[in-house]
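Shown next, in structure tokens, is the structure this report addresses.
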Amino acid sequence: MVWYPTDVLEYQLLIVHPEGDTALYQEYPEFDLLLPAMLARRLFAACRERSWEIAVCSSRELLNVNTDQLSRATPAVIDPVACAATSGNGSKFFSKLTNAHKRIVVLAEAVESTRYGRQFHLPTNFDAVFDIGFVPQGNKHPFPNVPYHFVFNGPTKEEEQTIAELSPSRERPIPWAVVGPRTPNHLNLIAELMDYELYPGGFCFLQHPSKQGKKGTGLLSPSGLAAVLSKTNYYVWSSDDSFAYYESFRFIQALQVGAVPCKIDGNHSWERADIPGIFPSVRSFCTRVQEEDHWSMYCSAREFYMSRGPLAEHLEKALRLV
Amino acid sequence: MSDNKVLQSLHRIESGILDDPDLSELCQKSKAGDGVTIFIPNWNHRPYLPRSIHSALHAVGRLREAGFSAEVLVIDDASRDGSQKLLRAIQMLYEGSRLKTLFLKQNLGLPRLRNLALQMSRFRYVCMMDADNELVPDNLLLFLQSIVETGAALVHGNLIAKTQGEEAVRLWSSRVATMRLTEGNYIDAFALVDARKLLRVGGYTSNPRLYGYEDWEIVLHLIAEEKKIVFVPAVMGYYHRNPGSMLQETLQKAERKNDSPSEKTKRSEEAKALMQRMFAQTGTREWDPVRVGYIYHPAVGYIDQW
């Protein structure tokens with residue numbers, strides 16, 4: 001755990017993420033460890049860009065944090081339910097949190113989801129919830145006693161640099177990639193993409209983590225996914241829920257390595273969100289990729305992402321409201 | 001191991017086949033490493049043959065465009081539905097293409113047919129299909145590149161299973177090999193195999209107690225022999241499921257006509273028990289931490305998993 005000095009925030013910000021041990025993941029297969037890890041890394045990077053006093057620890061490490069130190073800190077807890085479950089001692093975890101100056105829940109979830117709701121029925125009170133994403137959901141946030149703050153999941157400086165350096169010349173032999181949980185939506189998506197016979201050589205990897213061995217989760221590693229997407233034109237996924245939610249992390253994963261993020265969602269209207277690469281059907285996706293080349297679509301996505309301002313700026317605004 | 005030793009080993013396992021002077025002459029002792037034999041076994045599947053053969057011939061065309069050689073081998077296992085007539089007509093239609101057909105007078109059964117294909121194949125790599133499967137022609141190249149580049153004994157990919165009258169789509173053969181395979185098979189026979197490596201371990205078992213489970217046995221056998229099994233995350237083909245699918249007919253054939261449902265379940269349990277006795281003696285191998293399968297894509301290389 002590392003602390004960085006600053007004078008911007010009155011209290012030290014402590015980012016707490018679920019313990020990343022993959023063996024623990026087997027006990028709680030419903031938790032997505034990839035997303036919290038990525039979220040923690042990006043929040044940390046954004047805070048460092050502002051030279052704030054910041055520390056990062058896992059839920060298990062929090063149990064050993066000095067109570068006095070904690071009383072001067074504001075923990076930003078990524079997915080508290082997962083944190084408690086992977087901490088090794090849920091009641092001690094919440095007891096520790098109670099000692100903190102203020103507490104923030106950090107989520108990247110649809111507010112209507114069960115998982116979102118479960119975060120607010122825990123033995124500790126939170127002072128705010130930060131919703132990290134692309135589309136504000138404040139009007140649907142169901143817990144008025146916990147103030148909701150939307151934080152646009154914008155780029156960090158490092159990401160800005162990486163994205164700016166990408167050029168269209170890079171070889172991309174994989175036409176599309178579908179990577180995600182083995183849901184009926186994703187199965188149908190693959191079958192439909194194959195039915196169009198435009199580009200049958202797509203990359204398809206649907207995980208079934210609960211059926212894997214105890215060693216490992218069965219998920220592609222972050223570096224494995226990045227390696228695949230760096231050779232892919234279109235990173236395609238479909239909504240897994242009956243409610244409208246945009247998976248901003250999929251967008252960022254694609255953009256960082258030059259793939260075009262493409263969400264297929266025929267159930268909701270996305271016109272007002274202004275996010276490029278959302279298609280009501282596989283047919284409309286296939287039509288678009290025949291009409292517009294990969295690099296042009298990539299540039300549209302990049303323009304959207306870079307023009308909204310950096311994550312650090314949005315995070316600072318939200319923190320000042322807590 | 002020398003070819004003679006391989007054949008001796010085969011003789012022990014498949015003496016019934018190799019004793020037949022007509023069939024033993026068909027064995028290709030040396031196999032070219034620059035192509036694929038696409039094998040389609042047939043037993044009373046006349047209505048499905050045009051689709052499977054068409055996709056296979058299309059795949060041959062694609063491989064040739066990419067600079068590889070390929071052939072299609074169809075062996076009819078003494079069908080009684082007139083498949084032979086259709087196959088002869090197809091062969092005439094595609095005269096000059098790399099389509100080979102063989103008509104057996106006596107029914108050998110699927111595992112022996114597969115072993116015969118391994119022996120007859122002109123090429124080292126054999127794509128094992130069923131008559132009711134359909135290859136994705138453009139993608140066979142990915143699987144060929146993968147097996148050549150990894151030195152695997154078997155590469156498998158996603159199979160889209162479509163059941164007649166059902167909208168739901170399933171994905172088979174889409175999980176990386178782990179020791180969970182000792183609890184049940186999830187890697188289908190529709191895969192690309194290295195004929196040399198499979199023949200060296202004795203090919204598909206024709207043990208009557210494991211009839212219909214030979215694809216499961218070969219996967220565990222290869223793992224036990226420390227051969228590489230690689231998953232390529234692309235769609236290899238389609239599995240058209242219907243009441244007369246190859247798999248279901250093979251299993252039905254293995255069952256006695258008057259078997260009751262409980263007897264069928266008993267047979268299945270016996271086969272599973274036998275497999276576990278052979279490959280999971282301690283009852284703990286399903287928790288073996290060794291990851292036995294790999295993910296590979298020719299454009300990416302080996303892909304890490306968590």
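Chain A is the first sequence line, chain B the second, and so forth, proteins listed ahead of strands; every chain is numbered from 1. What you see is a predicted model, and the numbers here were worked out from it, not measured in a lab.
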More than 12 heavy atoms from other groups under 6.0 Å of [atom1] on [X]:
X: B:His54; atom1: NE2; value: no
X: A:Gln290; atom1: CD; value: yes
X: B:Arg64; atom1: CZ; value: yes
X: A:Glu158; atom1: CD; value: no

Please state whether the side chain, the backbone, both or neither of A:Arg182 comes within less than 4.5 Å of a heavy atom of chain B.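 Just the side chain, heavy atoms under 4.5 Å.
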Chain A heavy atoms under 4.5 Å from B:Ile160: which part of the residue, side chain, backbone, both or neither?
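Just the side chain, heavy atoms under 4.5 Å.
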Is B:Tyr238 in contact with chain A via its backbone, its side chain, both, or neither, using a 4.5 Å heavy-atom distance?
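Only the side chain of B:Tyr238 comes within 4.5 Å of chain A.
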For residues 135-145 of chain B, which side-chain donor-acceptor pairs fall under 3.5 Å, sequence neighbours excluded?
from	atom 1	to	atom 2	distance (Å)
B:Asp138	OD1	B:Arg62	NE	2.5
B:Asn139	ND2	A:Pro200	O	3.0
B:Asn139	ND2	B:Val235	O	2.8

Output the distance between atom [atom1] ([X]) and atom [atom2] ([Y]), rounded to the nearest 0.5 Å.
X: B:Ile295; Y: A:Leu220; atom1: CD1; atom2: CG; value: 5.5 Å
X: A:Thr232; Y: B:His297; atom1: OG1; atom2: NE2; value: 7.5 Å
X: B:Arg175; Y: A:Gln207; atom1: CZ; atom2: CD; value: 12.0 Å

Check residues 151-159 of chain B and write down every donor-acceptor pair under 3.5 Å in which the side-chain atom is one partner and the other belongs to a residue at least two apart or another chain.
from	atom 1	to	atom 2	distance (Å)
B:His156	ND1	B:Ser173	O	2.9
B:Asn158	ND2	A:Cys204	O	3.0
B:Asn158	ND2	B:Ala234	O	3.3

query: So which of A:Glu171, A:Arg172, A:Lys231 has the largest heavy-atom pair count under 4.5 angstrom toward chain B?
result: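 Option with the top pair count is A:Lys231.
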Report the C-alpha distance between A:Ile174 and B:Val300 in whole Å, list the side-chain angles of each, state the deciding distance to 0.1 Å, and finish with yes or no for side chain to side chain contact (heavy atoms under 4.5 Å, CB included). CA-CA 9 Å; A:Ile174 302 173; B:Val300 185; 3.9 Å; yes
